[in-house]
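Values below: all heavy atoms of this structure, side chains included; hydrogens, waters and symmetry mates excluded. Quick note on labels: first sequence line is chain A, next is B, and so on, each numbered from 1.
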Protein chains: 2
Amino acid sequence: MAVTIKDVAHASGVHVSTVSRAFSAAHLVNPETRARVIAAANTLGYRPNRAARALSTRRTGNLGLIVADIANPFFPPLIKAAQAHARRSDHHVFVADTDEQARAEEELIRSMATQVDGALLVAPRLSNRLIAELSADVPFVVVNRQPANLPAVLMDVASGARQALEHLASLGHREIALLTGPRASWTNQRLEGAATDAAEHHGLHLHRLGPNQPTEEGGSAAAPDVLASGATAVLAYNDLVALGLLQELRARGLAVPGDLSLVGVDNTHTARHCDLTTIDMPTAAAGRAAIDLLLHRITSEDDPGTVTLDTRLVVRGSTAPPAH
Amino acid sequence: MAVTIKDVAHASGVHVSTVSRAFSAAHLVNPETRARVIAAANTLGYRPNRAARALSTRRTGNLGLIVADIANPFFPPLIKAAQAHARRSDHHVFVADTDEQARAEEELIRSMATQVDGALLVAPRLSNRLIAELSADVPFVVVNRQPANLPAVLMDVASGARQALEHLASLGHREIALLTGPRASWTNQRLEGAATDAAEHHGLHLHRLGPNQPTEEGGSAAAPDVLASGATAVLAYNDLVALGLLQELRARGLAVPGDLSLVGVDNTHTARHCDLTTIDMPTAAAGRAAIDLLLHRITSEDDPGTVTLDTRLVVRGSTAPPAH
DNA sequence: GGGGAAACTGCAAACGGTTGCATGAACATC
DNA sequence: GATGTTCATGCAACCGTTTGCAGTTTCCCC
């Protein structure tokens with residue numbers, strides 16, 4: 001059905017190997033011959049068969065991109081940027097969703113292993129041991145996590161967290177609640193560490209509340225604890241949590257930022273529209289950087305190391321001086 | 001490096017063809033032999049090579065999913081649902097983003113053609129002629145568009161639009177602005193048609209304004225025309241347009257829903273948080289339905305027809321009776 | 001106990017490319 | 001003019017799996 005290298009060879013009167021070389025090793029074939037081959041290929045509409053090529057070269061030209069939840073607004077900008085960047089070096093990207101389950105993640109990686117040259121794991125839930133084990137089969141680059149000996153891209157929330165606490169301190173807040181996220185999350189660990197240090201530095205009292213589910217439900221469920229803590233400002237694990245809390249507070253008749261100031265993390269599309277002060281995560285840049293590392297790792301085998309990207313506070317209308 | 005069928009054959013003392021059959025045609029091999037083969041495969045960690053399999057079966061087990069803009073919040077729930085659904089029948093999904101450009105879309109399809117068993121085109125920008133031409137190479141299923149002779153899934157905004165106009169009419173609005181989207185958009189055509197009919201039915205005056213860019217910028221840019229039209233309520237092409245307009249109106253000191261009522265389309269995550277009345281699009285259901293049609297089309301070759309899904313109005317806080 | 005069907009299994013040719021090696025021509029070198 | 005290079009191309013094996021065909025064994029039935 002489809003036109004193959006053999007058809008092109010026949011049409012241009014050369015051997016298949018010459019056609020192959022005309023495409024993948026131009027310098028090995030006479031320019032005139034090559035022109036004839038290319039011309040024939042074009043009129044026939046020849047497209048190399050990737051599967052066949054993969055079989056002999058052991059390169060599929062495909063990458064895997066594995067995220068916890070495609071519909072979580074944190075991920076799409078990263079996916080978009082990574083995909084677009086991969087296309088520039090003629091790679092296709094499998095995108096898959098683990099639904100936040102480590103089990104699904106492992107199975108996904110295993111099932112993709114024979115089909116990709118490498119994979120991007122974004123905030124994986126897998127144990128370090130398992131990641132190390134699987135990385136024997138497929139080159140990995142990890143985003144927002146730092147397993148030993150694997151190239152990684154980190155969006156370091158610490159810089160943004162420092163700015164956030166400084167911002168709150170300068171508004172006059174003294175009692176700050178920190179809504180923590182999943183224990184295993186690297187971002188959560190950095191956030192907690194940086195917030196603790198910055199609180200001490202500015203003489204603030206930090207109420208750690210959590211761990212919370214990294215969802216709207218997690219945010220609204222945290223409302224009672226937040227109110228009980230006596231905090232006048234809240235730094236939430238991410239925008240979803242912040243927005244869930246926001247909704248719950250408003251439902252209880254409280255004003256934001258009047259009664260309580262609120263800071264999120266991620267700077268999602270929704271945060272922009274809800275006028276939420278938040279810490280911007282460079283998701284698109286991270287996606288591109290991760291693809292760069294991955295392609296480097298694939299072609300040159302050595303560890304390209306770690307890239308750390310800074311974050312910054314975006315001040316909007318959900319923060320103001322405390323009430324009384 | 002990797003474990004192949006040959007290793008398994010050797011380990012279990014049978015020919016490679018028997019190993020192959022043990023996996024893909026169980027009934028052709030003696031249960032005991034099969035058990036031995038499976039056991040050997042498991043201890044060796046054998047995983048079939050998809051590329052090799054694709055070469056002889058002409059089935060890759062891969063699907064393509066092509067959308068205009070991954071980061072547009074309309075798409076991720078569809079992508080997520082489609083991907084998850086495809087996984088259930090052991091298919092992997094390439095996700096690609098055309099950045100709204102027809103040219104990129106065509107090239108993407110061509111480059112994927114040899115690697116996928118079929119593709120989902122969501123709201124494609126391509127001409128009908130080109131879609132027909134390309135569909136000779138790859139089985140397509142189209143979402144929110146209706147080219148002749150291709151299976152399609154349609155999220156029919158008409159039902160929701162009728163509910164929206166009825167809602168606005170019952171609140172007492174008489175002058176309604178419709179912010180139209182891209183001319184070529186099937187959704188836009190349905191929206192315009194349904195709004196026109198419903199306006200007539202309820203005795204409303206409909207001001208068609210557009211076409212507008214289907215983005216926040218499009219929405220904010222439309223503000224002057226909306227105000228000049230004298231409308232007291234607006235139905236926007238999608239949530240992004242509605243939210244862009246909302247922001248611009250508030251920046252001008254106008255109240256929503258006080259001075260102007262606002263209805264969007266899509267029911268994105270952001271609309272939920274911004275308390276925007278909107279028309280819910282069944283994106284996840286559409287993703288699943290589209291995968292079903294595609295798999296049907298791939299395995300049985302005949303046209304599985306068209307699936308139409310209804311939409312419904314979700315009333316929130318951005319609509320209220322007109323001011324005066 | 002001979003014939004035939006049924007159940008397994010092996011053989012080998014595909015599938016569509018890539019690539020190391022061999023071949024031959026053209027050309028330069030001494 | 002014999003020798004050695006370089007360049008361009010052909011030949012054929014190989015990548016890992018599937019599958020039509022043929023061979024072998026077992027079993028059934030008359």
Practice task
Taking the side chain as every heavy atom from C-beta outward, state whether B:Ile70 and B:Ile79 have any atom pair closer than 4.5 Å.
Solution key: yes
Fill in the blank from the handout: Per side chain to side chain contact (heavy atoms under 4.5 Å, CB included), A:Asn62 is matched among A:Met112, A:His91, A:His92 by A:His92
Practice task
Tell me, yes or no, whether the heavy-atom count around A:Asn149 atom CG, taken from other residues, nucleotides or ligands under 6.0 Å, exceeds 12.
Solution key: no
Exercise for the section: Return the set of residues passing salt bridge (Lys or Arg N to Asp or Glu O under 4.0 Å) with A:Asp292 (not counting sequence neighbours), or none when no residue passes. Expected result: none
Practice task
Tell me yes or no: between the side chains of B:Asn49 and A:Gln115, is some donor less than 3.5 Å from an acceptor?
Solution key: no
Practice task
Give a yes-or-no answer on whether the side chains of B:Thr60 and B:Asp117 include a donor-acceptor pair shorter than 3.5 Å.
Solution key: yes
Practice task
Give me the residues of residues 26-40 of chain B where at least one heavy atom lies under 4.0 Å from an atom of DNA chain D, by number, or none.
Solution key: none
Handout entry: Annotated protein contacts, base or backbone, on nucleotides 10-19 of chain C with a non-hydrogen cut-off under 4.0 Å, one of B, S, - each
Key = BBB--BBBBB
Problem - Pair B:Glu107 + B:Arg103: basic N to acidic O under 4.0 Å - result: no
